[in-house]
Amino acid sequence: MPIMAIDKTAITKNFEPGDVERKWYAHWQNSGYFKSEPNDKQPYTIVMPPPNVTGILHMGHCLNNTIQDILIRDARMQGKNACWVPGTDHASIATEAKVVAMLREKGIKKSDLSREKFLEYAWEWKEKYGGIILEQLKKLGFSLDWDRTTFTMDEHYYDSVIKVFIDLHKKGIIYRGKRMINWDVKALTALSDEEVIRKETPQNLYHLHYKLAGDNVKEGEGITVATVRPETIMGDVAIAVNPADPRYTMMVGKKVLVPLINREIPIIADEYVTLDFGTGALKVTPAHDQNDYALGQKHGLEIIDVFNDDGTMSESAQIYVGEDRFAVRKKIVKEMEEKGFLTKTESYTSEVGYSERTDVVVEPRLSMQWWVSTEKLASPALKAVMEEEIQFYPAKYRNLYRHWMENIKDWCISRQLWWGQRIPAWYDADGNIYIAATEAEARKQAAEKDSNFDEKNSVLTQDEDCLDTWFSSWLWPMEVFKGISDPGNKEIEYYYPTQTLVTAPEIIFFWVARMIMAGYDYKNAKPFDAVYFTGIVRDKQGRKMSKSLGNSPDLLQLIEQYGADATRFGVMIASPAGNDILFDESALEQGRNFCNKMWNAQKLLLMWQEKQDSGDKPNPDDSVAIEWFASRLAEVQKSVADHMKQFKLSEALKQLYSLIWDDFCSWYLEWIKPGMDQPMAGHTYKASVKFLTSMMQMLHPFMPFVTEEIYHNIEERADDLCVKQAPAAGIINENILEQGSTLKAVISGLRDTRVKNNIKPREAISLHICTDRNENYSSIIPLMQKQVNAKEIHFVDTAVEGTINVVIGKEQFYVESDAPIDTGAQLESLKKEKDHLEKFLLSIDKKLSNEKFIANAKEEVIILEKKKQSDAKEKLSIINENLNAIASTK
RNA sequence: GGGAGUUUAGCUCAGUUGGUUUAGAGCAUCUGCCUUACAAGCAGAGGGUCACAGGUUCGACUCCUGUAACUCCCACCA
């Protein structure tokens with residue numbers, strides 16, 4: 001085959017990623033390499049965790065998706081039908097918050113808009129910014145099947161969510177109920193427990209005095225409570241004390257007055273109250289605290305809600321109406337202090353819940369919400385992971401998963417938002433509820449139920465709320481293949497269950513657990529075979545990357561600066577599954593340097609292409625190098641495959657890095673390098689091109705661009721690396737590998753000797769080898785001679801006078817050169833070696849003379865120890881010989 | 001408060017069921033090199049009582065117990 005003439009001027013000094021990346025990404029896409037259709041091959045499917053539709057690319061996405069791309073590209077090259085589905089999530093609260101903020105900047109308040117108008121703005125926003133993130137992903141070379149791009153509010157997706165709601169309601173799994181929920185006063189919505197972040201917050205614990213009610217009350221008679229929330233006192237309905245508390249036994253049953261508003265409330269006794277916290281007396285505010293609510297229920301107390309939706313004081317508070325809760329806290333404290341109700345203020349730190357989205361303090365609030373009963377859904381999902389039908393990598397997350405699933409609570413799925421799937425519930429004038437996909441259907445139901453209901457004219461209003469965004473994304477692995485909206489279709493049957501889910505451990509409950517629950521409920525099958533949990537990307541100081549800290553680097557700029565391959569290398573090289581990765585730009589630099597290294601190896605080969613001799617005869621001097629490298633390649637191929645199976649991606653990458661840089665560039669290429677003005681054997685050249693090709697193929701899933709480019713530069717090709725199928729495993733020849741190691745050890749050892757004795761590389765030496773294994777050396781002698789720059793190499797039986805002695809392995813080397821020999825330095829190093837060997841020998845002697853060791857240790861261990869002993873003895877005697885020789889020359 | 005995890009070289013990490021001659025990499029550091037593929041490079045070197053204290057064992061980085069530090073998750077102490 002004619003070799004493509006490469007225009008040398010076109011090969012740049014260093015690898016320049018920009019144009020190469022654009023060129024190949026377009027080519028791959030135009031060639032349809034990323035597309036997947038069901039066929040006879042085995043599928044390998046990954047559904048990408050959909051990023052927020054209006055989000056922008058950050059390090060987390062980079063890590064997460066690089067891993068997925070490596071798995072997908074590897075599967076594609078291993079002959080599987082690889083399908084990687086992209087998409088975006090409507091991300092209800094996050095997106096709505098952004099739209100509200102955008103409108104506010106324009107001077108528009110959400111409350112002034114109709115639902116329809118607001119959604120118009122929201123869709124407009126989505127059209128404008130949605131999917132930017134997907135475009136950014138292309139820059140990293142991700143081989144996603146773009147034709148399958150799905151959005152969680154696509155029509156079929158929307159319908160499937162509604163369908164599931166109706167279905168689960170029918171099954172009695174979805175219900176409506178009044179519960180204490182977490183209320184976000186800024187977003188004006190309920191939050192699930194998972195959306196609340198608890199933070200240690202310094203606060204004040206205020207001791208407030210409640211006066212005893214009645215006519216003949218003496219000054220100071222009453223009870224003092226401790227609270228961090230004085231602004232809720234207007235919602236107090238009782239004071240609770242522990243029945244076993246002697247301080248308050250007399251008080252139980254009496255009444256006290258709420259300060260400032262003078263409402264009478266009873267003192268009750270309940271074991272819930274801790275004796276030694278605060279004052280041992282607790283104010284009970286059922287409307288604003290989970291526990292107080294429970295207490296209130298138990299004791300039949302009234303509920304007084306003193307807040308409005310937005311966290312300002314309501315009419316029921318009587319005072320400070322309309323003012324913000326935290327402003328009121330300050331004012332009340334001041335007023336109480338002035339009026340003598342405040343007896344003490346201590347500083348106190350406790351965990352306070354904050355909204356994940358808006359970062360405001362969450363307000364516990366009683367409200368009517370929609371719920372998913374999780375008990376039935378959880379048990380098959382728990383079993384699947386515990387019995388390893390679904391594998392977790394790393395496995396430690398199984399414990400976390402189990403703990404959560406065993407203590408799972410019902411899931412609050414309604415959100416007071418407009419952006420999302422609207423709850424398909426309609427209410428008639430009497431408050432009857434009809435669950436239906438459309439209003440017409442709801443009307444029909446209403447008319448059937450109630451003969452007074454006029455199907456055409458009676459009033460029926462739809463629930464204002466939307467569903468939690470996770471209530472749509474838990475269907476993701478099914479509905480991207482229309483498994484809910486069109487069950488049993490060809491695609492869902494082919495692609496589901498998917499193979500691997502790659503995601504962050506932070507969303508194990510939000511998303512992973514729920515997908516598993518939905519999978520078993522709707523497909524009666526797991527959604528994926530394995531879950532790979534990535535680490536969290538942190539900065540050098542170990543802080544989580546976040547917008548507020550401003551420590552998140554601009555990914556697009558990094559790609560621009562280092563190249564996509566280098567960026568992928570940088571995030572992968574130190575990121576074992578489940579471990580956090582400390583982001584450090586030096587890793588990207590290493591990646592860039594690696595690209596250049598490969599680029600230059602390619603340049604060297606291209607230069608040699610012209611130096612080839614005409615014949616096809618192998619050069620015998622090169623054959624050792626070629627055979628050795630072929631075995632090394634086979635060895636790494638096997639171990640990379642093993643690592644990939646266990647998801648040890650960074651380990652696989654490290655092996656490839658070392659194979660290419662150390663074994664190929666530093667050793668192999670030097671070994672076959674022709675001398676000045678010498679031709680290169682055509683056979684050697686062809687073997688080398690084959691090696692480079694194989695390495696590019698193995699590395700391609702990790703660094704797709706540079707490998708594809710080199711693949712095409714090095715030889716004219718009819719195909720592309722992107723879809724090239726992996727070759728069968730090569731043959732590993734242990735004997736050759738051993739010879740290679742010996743050769744490397746000798747070369748390194750003699751280089752060291754040159755440095756220590758100040759012998760310049762250009763100065764040729766004569767080498768005398770004293771060994772009883774001449775045959776092990778015979779085949780590597782020619783290479784050795786070239787590499788250590790020896791005029792001649794002889795085998796000898798005894799020490800050679802006037803030479804430098806070097807011990808490598810068990811063998812003895814005598815280096816003869818014109819340079820003066822520094823016997824002092826030699827003596828020093830020999831003594832050091834001797835010292836160490838003697839100590840070593842002592843420990844082995846001790847071990848071998850230990851009867852218990854001989855009696856208990858395995859036979860092969862004893863044999864090994866004996867070998868160590870004899871080897872060390874042999875080595876020691878050589879060193880002693882050398883020491884004597886030096887001493888005698890002095 | 002409960003649970004899980006981590007602790008190996010200056011930094012980031014490997015180290016597979018306890019034994020493989022002196023515990024490995026990469027980065028960083030130091031020394032010498034512009035040797036015509038690559039100074040974003042080449043060659044070489046130094047650097048670790050494997051967190052600490054016990055225990056099991058002929059033998060422990062590896063197994064067990066305790067301690068300390070850090071990280072994460074869960075939980076209603078106002």
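Both backbone and side-chain heavy atoms feed into the values below; hydrogens, waters and symmetry mates do not. Numbered from 1 within each chain, the chains take letters A, B, ... in sequence-line order.
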> Does atom CD of A:E851 have more than 12 heavy-atom neighbours, drawn from other residues, nucleotides or ligands, at distances under 6.0 Å?
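No, not enclosed.
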
> In this structure, how many angstroms lie between the C1' atom of B:U20 and the NZ atom of A:K858, rounded?
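Spelled out: NZ on A:K858 to C1' on B:U20 is 12 Å.
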
> Where each residue is assigned the nucleotide of RNA chain B containing its nearest heavy atom, which of A:G278 and A:F15 is assigned the position nearer the 5′ end?
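The 5'-side residue here is A:F15.
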
> Measure up the A:F392 and A:Y401 rings against each other and bin them: parallel (under 30°), tilted (30 to 60°), perpendicular (over 60°).
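Judged by the thresholds at 30° and 60°, the geometry between A:F392 and A:Y401 is perpendicular.
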
> Would you indicate which nucleotide in B:C76, B:C27, B:U21 comes nearest to any side-chain atom of A:K867?
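Among the listed nucleotides, the one closest to the side chain of A:K867 is B:U21.
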
> Using a 4.0 Å heavy-atom cut-off, does A:K13 contact any base of the nucleic acid, only the sugar-phosphate backbone, or nothing at all?
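Touches sugar-phosphate only.
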
> Does A:Q290 reach a base, just sugar-phosphate, or nothing at all? Heavy atoms under 4.0 Å.
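It contacts nothing in the nucleic acid.
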
> Could you tell me which nucleotide pairs with B:C76 by Watson-Crick or G-U wobble geometry, both distances under 3.5 Å, or answer none if nothing does?
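Matched B:C76 with nothing under the 3.5 Å cut-off.
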
> Does atom CD of A:E859 have more than 12 heavy-atom neighbours, drawn from other residues, nucleotides or ligands, at distances under 6.0 Å?
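12 or below, so no.
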
> By nearest heavy atom, map A:P761 and A:I844 onto RNA chain B; which one lands nearer the 5' end?
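Closest to the 5' end, via its nearest nucleotide, is A:I844.
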
> Base, sugar-phosphate alone, or nothing: which one does A:E874 contact when heavy atoms must sit under 4.0 Å apart?
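Touches nothing.
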
> Considering only side-chain heavy atoms of A:V755, which listed nucleotide, B:G44, B:C13, B:G26, is closest?
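Shortest atom-to-atom distance from the side chain points to B:G44.
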
> Using a heavy-atom cut-off of under 4.0 Å over every strand shown, decide if A:K873 touches base, sugar-phosphate, or nothing.
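Since no nucleic acid heavy atom lies under 4.0 Å of A:K873, the category is nothing.
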
> Is the shortest side-chain N/O distance from A:Y657 to OP1 or OP2 of B:C27 below 4.0 Å?
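Yes, within the criterion.
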
> In this structure, how many angstroms lie between the P atom of B:A45 and the CG atom of A:L750, rounded?
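Checked: the CG to P distance equals 12 Å.
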
> Under a 4.5 Å cut-off applied to non-hydrogen side-chain atoms, are A:Y562 and A:E585 in contact?
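Counting from C-beta outward, A:Y562 and A:E585 do come under 4.5 Å.
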
> If you check every side-chain atom of A:F509, which of B:A37, B:U21, B:C73 has the closest atom?
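Looking only at heavy atoms from C-beta outward on A:F509, the closest nucleotide is B:C73.
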
> Which part of the nucleic acid does A:C595 contact within heavy-atom distance under 4.0 Å: base, sugar-phosphate only, or nothing?
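Here A:C595 touches no strand at all.
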
> In whole Å, what separates the P atom of B:G46 from that of B:U71?
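It comes out at 36 Å once rounded to the nearest Å.
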
> Mind checking if A:K597 touches a base, just sugar-phosphate, or nothing, with heavy atoms under 4.0 Å?
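Here A:K597 touches the bases of the nucleic acid.
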
> Would you indicate what A:V273 reaches in the nucleic acid, counting non-hydrogen atoms under 4.0 angstrom: base, sugar-phosphate, or nothing?
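Touches a base.
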
> Is B:C61 paired to anything, Watson-Crick or G-U wobble with both distances less than 3.5 Å, and if yes, which nucleotide?
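In the structure as shown, B:C61 has no Watson-Crick or wobble partner.
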
> Would you call A:K760 and A:E763 a salt bridge, taking side-chain N to carboxylate O under 4.0 Å as the test?
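The answer is no: the pair does not qualify as a salt bridge.
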
> Take the protein atom CH2 of A:W661 and the nucleotide atom C1' of B:C38, then report the distance between them rounded to whole Å.
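Going from A:W661 (CH2) to B:C38 (C1'), I get 8 Å.
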
> Heavy atoms under 4.0 Å, any strand shown: does A:D752 hit a base, just sugar-phosphate, or nothing?
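Sugar-phosphate, no base atom in range.
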
> Is A:L282 touching bases, backbone alone, or none of the nucleic acid, heavy atoms closer than 4.0 Å?
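Base, at least one base heavy atom under 4.0 Å.
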
> Tell me the interatomic distance from A:L864, atom CG, to B:G18, atom P, rounded to whole angstroms.
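Answer to the nearest Å: 17 Å.
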
> Could you give the distance separating B:A4 and B:U67 at their P atoms, to the nearest angstrom?
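The same atom, P, in both gives a distance of 14 Å.
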
> A:N291 side chain: which of B:C76, B:U21, B:G44 is closest?
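When the side chain of A:N291 is considered, B:C76 is the closest of B:C76, B:U21, B:G44.
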
> Tell me whether the OP1 or OP2 atom of B:A40 has a side-chain N or O from A:R592 closer than 4.0 Å.
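For B:A40, OP1/OP2 do not have a side-chain N/O of A:R592 under 4.0 Å.
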
> Taking pairing as Watson-Crick or G-U wobble with both contacts under 3.5 Å, can you name the mate of B:U6, or confirm there isn't one?
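Because both required distances fall under 3.5 Å, B:U6 counts as paired with B:A69.
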
> Tell me whether the OP1 or OP2 atom of B:C72 has a side-chain N or O from A:W404 closer than 4.0 Å.
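Negative; the distance criterion is not met.
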
> Using a heavy-atom cut-off of under 4.0 Å over every strand shown, decide if A:E860 touches base, sugar-phosphate, or nothing.
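Result for A:E860 = nothing.
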
> Among B:C77, B:A37, B:U21, which nucleotide has an atom closest to any side-chain atom of A:E670?
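Nearest to the side-chain atoms of A:E670, counting from C-beta on, is B:A37.
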
> Would you mind classifying the nucleic acid contact of A:T285 as base, sugar-phosphate or nothing, using non-hydrogen atoms under 4.0 angstrom?
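Here A:T285 touches no strand at all.
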
> Between B:C61 and B:G54, how far apart are the two P atoms, rounded to whole Å?
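Nearest-Å result for B:C61 against B:G54 at atom P: 14 Å.
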
> Checking salt bridge (charged side-chain N to carboxylate O under 4.0 Å, His left out) for the pair A:D845/A:K873: CA distance, chi angles, key distance, verdict?
CA-CA 11 Å; A:D845 284 347; A:K873 274 184 179 160; 5.1 Å; no

> Nearest to the side chain of A:F853, heavy atoms from C-beta on, is which of B:C58, B:A37, B:C73?
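Within the option list, the nearest is B:C58.
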
> Using the P atom in both, what is the distance from B:U65 to B:G18, to the nearest Å?
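Here B:U65 and B:G18 have their P atoms 16 Å from each other.
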
> Expressed as a whole number of Å, how far does the P atom of B:C63 sit from that of B:A14?
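Approximately 15 Å lies between the P atom of B:C63 and that of B:A14.
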
> Whole Å only: how far is the CG atom of A:N593 from the P atom of B:A37?
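Rounding to the nearest Å, CG of A:N593 and P of B:A37 are 19 Å apart.
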
> Looking at A:K648, I'd like to know whether one of its side-chain N or O atoms comes within less than 4.0 Å of OP1 or OP2 on B:G15.
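Checking B:G15 against A:K648, a side-chain N or O does come within under 4.0 Å of OP1 or OP2.
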
> Between A:E231 and A:R229, does any side-chain N to carboxylate O distance fall below 4.0 Å?
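Salt bridge: yes.
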
> Take the protein atom CG of A:N596 and the nucleotide atom C1' of B:G41, then report the distance between them rounded to whole Å.
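In whole Å, B:G41 C1' and A:N596 CG are 10 Å from each other.
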
> Name the pairing partner of B:U16, where a pair is Watson-Crick or G-U wobble with both distances under 3.5 Å, or state none.
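Partner of B:U16: none.
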
> Using a cut-off of 4.0 Å on non-hydrogen atoms, how would the nucleic acid contact of A:R754 be classed: base, sugar-phosphate, or nothing?
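Answer is nothing: A:R754 stays at 4.0 Å or more from every strand.
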
> Hey, is the side chain of A:S658 poking within less than 4.0 Å of OP1 or OP2 on B:A25, counting only N and O atoms?
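For B:A25, neither OP1 nor OP2 has a side-chain N or O of A:S658 closer than 4.0 Å.
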
> With both distances under 3.5 angstrom, what nucleotide forms a Watson-Crick or G-U wobble pair with B:G44?
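B:C30 - that is the nucleotide pairing with B:G44, both distances being under 3.5 Å.
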
> Quantified in whole Å, what is the C1' atom distance between nucleotide B:C70 and nucleotide B:C34?
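Straight-line distance between the two C1' atoms is 47 Å.
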
> Expressed as a whole number of Å, how far does the P atom of B:C52 sit from that of B:U8?
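Taking atom P in both B:C52 and B:U8, they lie 10 Å apart.
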
> Applying side chain to side chain contact (heavy atoms under 4.5 Å, CB included) to A:N242 and A:T274, what does each step give before you reach the verdict?
CA-CA 7 Å; A:N242 193 297; A:T274 316; over 6 Å; no

> B:G15 and B:U6: how far apart are their C1' atoms, nearest whole angstrom?
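Approximately 16 Å lies between the C1' atom of B:G15 and that of B:U6.
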
> If you compare every side-chain N and O of A:K409 against the phosphate oxygens of B:A75 (OP1, OP2), does one of them come in below 4.0 Å?
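Checking B:A75 against A:K409, a side-chain N or O does come within under 4.0 Å of OP1 or OP2.
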
> Taking CD1 from A:I660 and P from B:A25, how many angstroms apart are they, rounded to a whole number?
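The answer, rounded to whole Å, is 19 Å.
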
> Are more than 12 heavy atoms, taken from residues, nucleotides or ligands other than A:K611, located less than 6.0 Å from that residue's NZ atom?
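Yes, NZ of A:K611 has more than 12 neighbouring heavy atoms, counting only those of other groups under 6.0 Å.
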
> In terms of side-chain heavy atoms of A:K852, which of B:C74, B:C58, B:G26 is nearest?
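So the side chain of A:K852 is nearest to B:C58.
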
> Quick one: A:N242 CG to B:C77 P, roughly how many Å, whole number?
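Interatomic distance, CG of A:N242 to P of B:C77: 17 Å.
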
> Whom does B:C38 pair with, Watson-Crick or G-U wobble, provided both distances fall under 3.5 Å?
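Here B:C38 is not engaged in any pair, so there is no nucleotide opposite it.
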
> Is the shortest side-chain N to carboxylate O distance from A:E363 to A:R325 below 4.0 Å?
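Yes.
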
> For A:G749, answer base if it contacts any base atom (sugar-phosphate contacts may also be present), sugar-phosphate if it contacts only those atoms, and nothing otherwise; contact means non-hydrogen atoms under 4.0 Å.
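No contact.
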
